[in-house]
Amino acid sequence: MGNLKHAIITFGKAQCSAWIASAVDFGVSILLAEVFHLWYGYATTIGAFSGGIVNCIINYNWVFRSHSLGKYKVALRYLAVWMASILLNSCGTCFFTEITGLNFVIVKAAVAIVVAVVWNYQMQRLFVFK
């Protein structure tokens with residue numbers, strides 16, 4: 001039962017970290033696209049980059065407490081997973097925005113949820129912070 005409890009707590013902490021990172025991601029994306037009129041594809045990429053930095057710092061220090069791995073090792077692993085995440089988020093947002101004609105923020109939110117659960121959390125849990 002202890003392992004299940006630990007897994008649930010870790011997942012909950014990871015979701016809190018993801019929410020904070022997503023707030024940074026969406027805030028930067030919307031600011032760049034709506035206020036500064038940067039194309040939403042670039043804004044999405046820059047937002048994902050910003051949120052990723054926040055997510056890595058929180059996950060390293062609070063969620064997975066991976067100080068024994070060392071910052072350099074975690075940074076290299078996170079970079080590999082993060083680049084794929086940015087690609088999935090950016091391309092997914094652009095693709096589905098163009099296909100559906102919906103506002104990019106709505107599409108970005110849907111894509112972000114899928115990428116966060118299917119890719120980010122799994123790869124961070126099994127590879128980056130292991």
Side-chain angles (χ1 to χ4, degrees):
M1 190 65 160
N3 285 341
L4 179 60
K5 181 181 177 183
H6 181 263
I8 291 169
I9 290 170
T10 300
F11 182 75
K13 289 166 71 173
Q15 294 316 299
C16 289
S17 174
W19 292 334
I20 293 166
S22 292
V24 171
D25 176 350
F26 276 73
V28 169
S29 296
I30 293 168
L31 179 72
L32 291 174
E34 301 298 328
V35 175
F36 294 105
H37 306 290
L38 186 65
W39 179 57
Y40 72 87
Y42 295 144
T44 295
T45 302
I46 295 168
F49 183 82
S50 303
I53 291 171
V54 169
N55 185 251
C56 185
I57 291 168
I58 294 171
N59 285 351
Y60 182 79
N61 290 309
W62 182 59
V63 177
F64 297 103
R65 296 180 187 228
S66 301
H67 298 130
S68 64
L69 293 176
K71 291 178 183 176
Y72 183 73
K73 186 174 185 178
V74 168
L76 286 177
R77 289 178 176 187
Y78 190 88
L79 182 63
V81 171
W82 183 31
M83 295 309 291
S85 178
I86 289 173
L87 185 66
L88 290 168
N89 275 292
S90 298
C91 291
T93 298
C94 290
F95 177 78
F96 289 112
T97 298
E98 295 299 319
I99 294 284
T100 65
L102 293 171
N103 182 287
F104 89 94
V105 176
I106 295 167
V107 175
K108 179 176 173 56
V111 170
I113 290 168
V114 172
V115 172
V117 174
V118 174
W119 176 258
N120 294 347
Y121 177 70
Q122 302 306 325
M123 290 302 294
Q124 289 178 30
R125 181 177 66 88
L126 298 171
F127 174 67
V128 175
F129 298 103
K130 190 76 172 168

Residue pair Val81 / Trp119, side-chain heavy-atom distance below 4.5 Å: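 Counting from C-beta outward, Val81 and Trp119 do come under 4.5 Å.
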Trp82 side chain reached by Ile53 side chain, heavy atoms, under 4.5 Å: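 Contact flag for Ile53/Trp82 side chains = yes.
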Geometric class of the Phe129/Tyr60 ring pair [parallel <30°, tilted 30-60°, perpendicular >60°]: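 Tyr60 vs Phe129 ring planes: tilted.
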Shared hydrophobic cluster for [X] and [Y] (ILVMFWY, side-chain gaps under 4.5 Å):
| X | Y | value |
| --- | --- | --- |
| Val63 | Leu126 | no |
| Leu87 | Tyr42 | no |
| Leu102 | Phe96 | yes |
| Leu79 | Val24 | yes |
| Tyr72 | Met83 | no |

Closest approach of [X] to [Y] (non-hydrogen atoms, all atoms of both residues):
| X | Y | answer |
| --- | --- | --- |
| Gln124 | Tyr78 | NE2-CE1, 3.6 Å |
| Gly92 | Val107 | O-CG1, 4.3 Å |
| Lys108 | Thr44 | NZ-CG2, 3.6 Å |
| Leu32 | Ala43 | CB-CB, 3.9 Å |
| Cys94 | Gly41 | SG-CA, 3.7 Å |
| Ile46 | Val28 | CG2-CG1, 4.0 Å |

Option among Val115, Ile113, Val114 that satisfies the side chain to side chain contact (heavy atoms under 4.5 Å, CB included) test with Val111: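 Running side chain to side chain contact (heavy atoms under 4.5 Å, CB included) over Val115, Ile113, Val114 with Val111 returns exactly one hit, Val115.
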Steps toward side chain to side chain contact (heavy atoms under 4.5 Å, CB included) verdict (Tyr40, Asn103): CA-CA 10 Å; Tyr40 72 87; Asn103 182 287; over 6 Å; no
Just by modelled atom types, is the [Y] backbone N or O under 3.5 Å from a matching donor or acceptor in the [X] side chain?
| X | Y | answer |
| --- | --- | --- |
| Thr93 | Asn89 | yes |
| Arg77 | Lys130 | yes |
| Asp25 | Ala21 | no |

Distance (rounded to the nearest 0.5 Å) between Phe104 CZ and Ile30 CD1: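 So the CZ of Phe104 and the CD1 of Ile30 are separated by 6.0 Å.
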Neighbour count >12 (heavy atoms, 6.0 Å) for atom CZ, Phe127: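 Yes, because the 6.0 Å sphere around CZ of Phe127 holds more than 12 heavy atoms from other groups.
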Worked verdict on Phe64 versus Arg125 for side chain to side chain contact (heavy atoms under 4.5 Å, CB included): CA-CA 8 Å; Phe64 297 103; Arg125 181 177 66 88; 4.3 Å; yes
Candidate pair Ser22 and Trp19, rule side chain to side chain contact (heavy atoms under 4.5 Å, CB included), full reasoning: CA-CA 5 Å; Ser22 292; Trp19 292 334; 5.6 Å; no
Side chain to side chain contact (heavy atoms under 4.5 Å, CB included) evaluation trace for Asn55 with Asn120: CA-CA 10 Å; Asn55 185 251; Asn120 294 347; 6.0 Å; no
